[in-house]
Every structure is written in structure tokens, then in C-alpha cells.
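Written out below as C-alpha cells is the structure these notes cover.
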There are 2 protein chains.
Amino acid sequence: MAKDSRAKVYKSGRIRLDNEAQILRSAEQEFAEHGFQGASINSIAKRAGIPRTNVHYYFNSKLDLYMAILTGVIELWNDAFSRITADDDPAEALGAYIHAKVMYSRSNPHASKIFASEIIHGAPNLSVYFKKEFRPWFNAKAGVIQAWIEQGKMDAVDPYYLIFLIWSATQHYADFNLQVCAGLGKSKLTSNDYEDVSDNLTRIILKGCGLKLPDK
Amino acid sequence: MAKDSRAKVYKSGRIRLDNEAQILRSAEQEFAEHGFQGASINSIAKRAGIPRTNVHYYFNSKLDLYMAILTGVIELWNDAFSRITADDDPAEALGAYIHAKVMYSRSNPHASKIFASEIIHGAPNLSVYFKKEFRPWFNAKAGVIQAWIEQGKMDAVDPYYLIFLIWSATQHYADFNLQVCAGLGKSKLTSNDYEDVSDNLTRIILKGCGLKLPDK
DNA sequence: CAAAAAACTGACAGTCATGTCAGCTATTTG
DNA sequence: CAAATAGCTGACATGACTGTCAGTTTTTTG
């Protein structure tokens, strides 16, 4: 009996994996477009080409589905920053990080939007993450920048604010993509545009921290 | 008859003005917390201490109420930037603008969040604004920066990207306030914190554009 | 190929929200 | 103070969505 109730834990078969992936992809779009409350399981099911009740077979509730996406986003997100250490050259490391984040805004705009929307609306589903995991991780990363400063490698900017600056400036091109396109008079940013964004941001931010652009 | 149907246009009495203001205040909070779809007229009414049906007496639909707020936000928002001209000193003008925007994030976080959420989710209610008014205004502002560059007063950064940088960096402290507080280990940013933010951003961005900090 | 497991679905119950309207009450005004 | 206007509200019609469950179909496996 107890065994039976746990049976669902075994996520087996090819069918399950395929369908879960398909549902997650569709849900990511739907949540990005309409937010958690605005998204409907019905729409997600339609996007995925699967009957609504079948979506429920894979994900017990809308919140389950949402959380699966949200936690996935965060993992992917933190990865790019986690590799930077105090031994790296600051100009190179920060330049690479800015570039990676800009490209991430290009390749994963949905994820960025879902995350942003969650925080804007009070992060009701990330309170545990923000209360436990986030701060230690964030402090560690700020520590790397602080170390560079103490080694005299860059200006004594506040590491916390510098990180926020990089995050906001880069994520802007995913979250506010619509406004950016409207301002530039384009229907969509090209690969070149994103490179331009990355170059401009890198130039301003590195120089602003007293760092020289690394020659490529 | 035609006269009667227009009668509502005359927004008269003190009672109406009071109640409308109260409802708008409550709606701003509700929309910021839950987004357009997540907000309910019922909750707004409760916040305002007014029966739900009475809210409908003042605003025909939820969308009407939302639009009243959204358009108000945009007007307020554009004001700070609209005063800058090519004759101003760039360091001073940009510094003041950054400061104003940071302080705006402090005093009007709800408005910022509502605007951000609207754009993130595809700006379905601002399509007219973005198709008509926004670009000319935005180009004019970029033109001011371009003029400074041509006068040799600052580095040849792309004006468009510079504006986006300032917007994103400053609005971040309203929209992502929760993440910022979590990262800094505070429950709320103080007046001093916002001044620090403004100082740090100004320092990095101005230096990044080849401008000297104006001495206060 | 038959039994077991996984995948699927139609029908249902329950909840919550919006918007309308007729008729009520309070306030203003001549 | 009475007529006119503004403000208010209960009841109702309507629709959307979530989540459950029993029972069916498909797939896997021994």
C-alpha cells in the first residue's frame, strides 16, 4: 500500500519524458506571456497539443508545473556566475559574464521573464530560496569582487551594487525586449544587435570600474 | 437622451473625487502585488474599504481601472527625462537623472512594478503608446546624448543603450526590490541605501562614459 | 500473448470573478 | 423643502478555471 502511493515517483518511459518536456516548453511560453495567474492549463495543453486532463496526469497542479520551471531557471542562471573566482582577471571575467548574460537574454527570454515576474509580484513561491540559499551564494560572489578590489585590480565600487547593475542591465534585454524593440524601431533584435549590446555594456561598466577592456 | 448618456462625463462632487483617489491607491497596490490578471476587484474594494459594486460605479471595468493607473505612471515617468537638453552639462544632467530615477524607485515602487509587469507580458494594453508616442520621444532624448558626443563632451557610446542602461539599473531597485533586500540581508532599504545606490551607479556610469563626477 | 503497468480521458464538483441592473438612499440645489 | 442628481447596493446571469476520479485504452514486459 505504501509502496503503491510511491509508485508515481518512478518517472519511467520515453512517453513520459517526451510529454513532460513538451508540456514544460509550452508552459514556459504561457507563463512568460501571461504570468502565473493569467496562464491557464488549458492554453498550455493546447500549445503542447495534449488534452488538458492529460497535463494533470503529469503535473498535479498548476503550481507544480510552475515550480518545475522556476527552479530550473534558477539553476541554469546561477551557473554562469558560479565559475568566477578571485584568481581570474577581473576585466576578462566580468566581460565574459556580461556577454554570457546578454546571450542568455537572447536564448532564454521566457525564463528571464518568468523569474522577473515572480520577483516583481513578491516572490510568493521563492521565499525559501531567498531566505536560505540566495544570500550565502550572493555574498560569496560579492567576495570575489571584493578580493579584486583589495588586490588593487579595480576601483573600490560596492560589489553588491555592481552585481545588481550587471544583472539589471543584461536581463533588461529579455524582460523589456518589447520596449527595446519599440525604441530601436525593430521587430526583433538580431545576433549583431546583441553583440552590440554586450560590447557597449562591457565598455561602459568595465571603464566605470577602472578596468581596461581586454583585447580579444 | 444623447445628453443623458454623456452625463457621466461630468466628474463632479467631492465624494467622487475622494473615492476615486482611494480606489486608485488601493488598485495600485493590488496590481503591483498580483499583476493585472491576479488582481481582483473584490480585493481592491476591500483595501479601499468600499463595497465591490461601488467600485464598479466609478470604474466600468477592471481594465478601465488598470489603464487609469498605467497611463498615470507613464506621464509621471517621462517627466524627469523630458527636461534634459543638449545645452546641459552631460555629467550634471545624467547624474541628476540617475538620482531622480533611483528616488522614483523608492517613492513609487508600485508604479514601476505595474509598468514592468505590463511590458514583460507583452504590453497588450500599451500597443498604441509603443507604436506611436514612444519612439519619437525616445529618439529625441537619444538625440540629446548624441549631441553631447558630437560636441566631444563624452565618449561615443550608443545613446540608445546608455538610456536603457540607466533605466534598467535604476528601476531594478523598485522591481527587484525583494531580491535586493534578500541579497543585502535587509528587510527594507533606507534613505541612505538609496543614496548609496545613486552614488555608485552615477560613479560607474559617468566614468564609463568618459565623464567626470560633478562636485556637489 | 496475457498480465501488469502506464497513459489517457469524459464527466463532474466546486470555486471565484466579472459585469449588469433595478431600485434604493443620501446629497445637492433651486 | 421638494425635485433632481449623485451615490450606493443586493441579486443575478454568466463564464472560466482548477482539480479529481472512475473507467478505458495503449504500451510494456515476463
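Residue numbers start from 1 in every chain, and the chains themselves are labelled A, B, ... in the order their sequence lines are given, proteins ahead of strands.
Straight-line distance from the OH atom of B/Tyr66 to the P atom of C/dA17: 19 Å, rounded to whole Å. Taking atom CG of A/Asp18 as the reference point, atom C1' of C/dC8 lies 16 Å away to the nearest angstrom. Atom P of nucleotide C/dC8 and atom CG of A/Asn60 are separated by 15 Å, given to the nearest angstrom. We find that CG of A/Leu65 is positioned 10 Å from P of D/dT18, with the value rounded to whole Å. Rounding to whole angstrom units, CZ of residue B/Phe59 and P of D/dG7 are separated by 13 Å. For the pair A/Ile44 CD1 and D/dG19 P, the interatomic distance rounds to 11 Å; values are reported in whole Å. When the C1' atom of C/dT18 is taken as reference, atom CD of B/Gln37 falls 13 Å away, rounded to whole Å. The distance between atom CD1 of A/Ile41 and atom C1' of C/dT15, rounded to the nearest whole Å, is 14 Å.
Ring orientation note: the planes of A/Tyr129 and A/Phe134 are tilted relative to one another, at an angle of 30° to 60°. Using cut-offs of 30° and 60° for the angle between ring planes, the A/Trp167 and A/Phe81 rings count as perpendicular.
Partner A/Asn192 forms a side-chain contact (heavy atoms from CB on, under 4.5 Å) with one of A/Leu189, A/Asp196, A/Thr190 and no other, that one being A/Thr190.
Nucleic acid contact for B/Ala45: none, since no nucleic acid atom lies under 4.0 Å from a heavy atom of the residue.
Centroid-to-centroid, the aromatic rings of B/Phe138 and B/Phe164 come within less than 6.0 Å.
One finds a side-chain N or O of B/Arg16 lying less than 4.0 angstrom from the OP1 or OP2 phosphate oxygen of D/dG7. Under 4.0 angstrom from either OP1 or OP2 of D/dT28 there lies at least one side-chain N or O belonging to A/Arg14.
In terms of heavy atoms, B/Ser40 sits closest to B/Glu30 at N-OE2, 3.3 Å.
Between A/Asp199 and A/Arg203 there is no salt bridge, since no side-chain nitrogen of the basic residue lies less than 4.0 Å from a carboxylate oxygen of the acidic one.
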For nucleotides 8-15 of chain D, which of its nitrogen or oxygen atoms have a protein nitrogen or oxygen under 3.5 Å away, and what is each distance?
| unit_1 | atom_1 | unit_2 | atom_2 | d |
| --- | --- | --- | --- | --- |
| D/dC8 | OP2 | B/Asn19 | ND2 | 3.1 |
| D/dC8 | OP2 | B/Asn54 | ND2 | 3.4 |
| D/dC8 | OP2 | B/Tyr58 | OH | 2.4 |
| D/dC8 | O5' | B/Asn54 | ND2 | 3.3 |

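Sequence neighbours left out, the pairs with a member in residues 170-183 of chain A that pass side chain to side chain donor-acceptor pair (under 3.5 Å) are A/Lys101-A/Gln171, A/Ser112-A/Asp175, A/Asn177-A/Tyr194.
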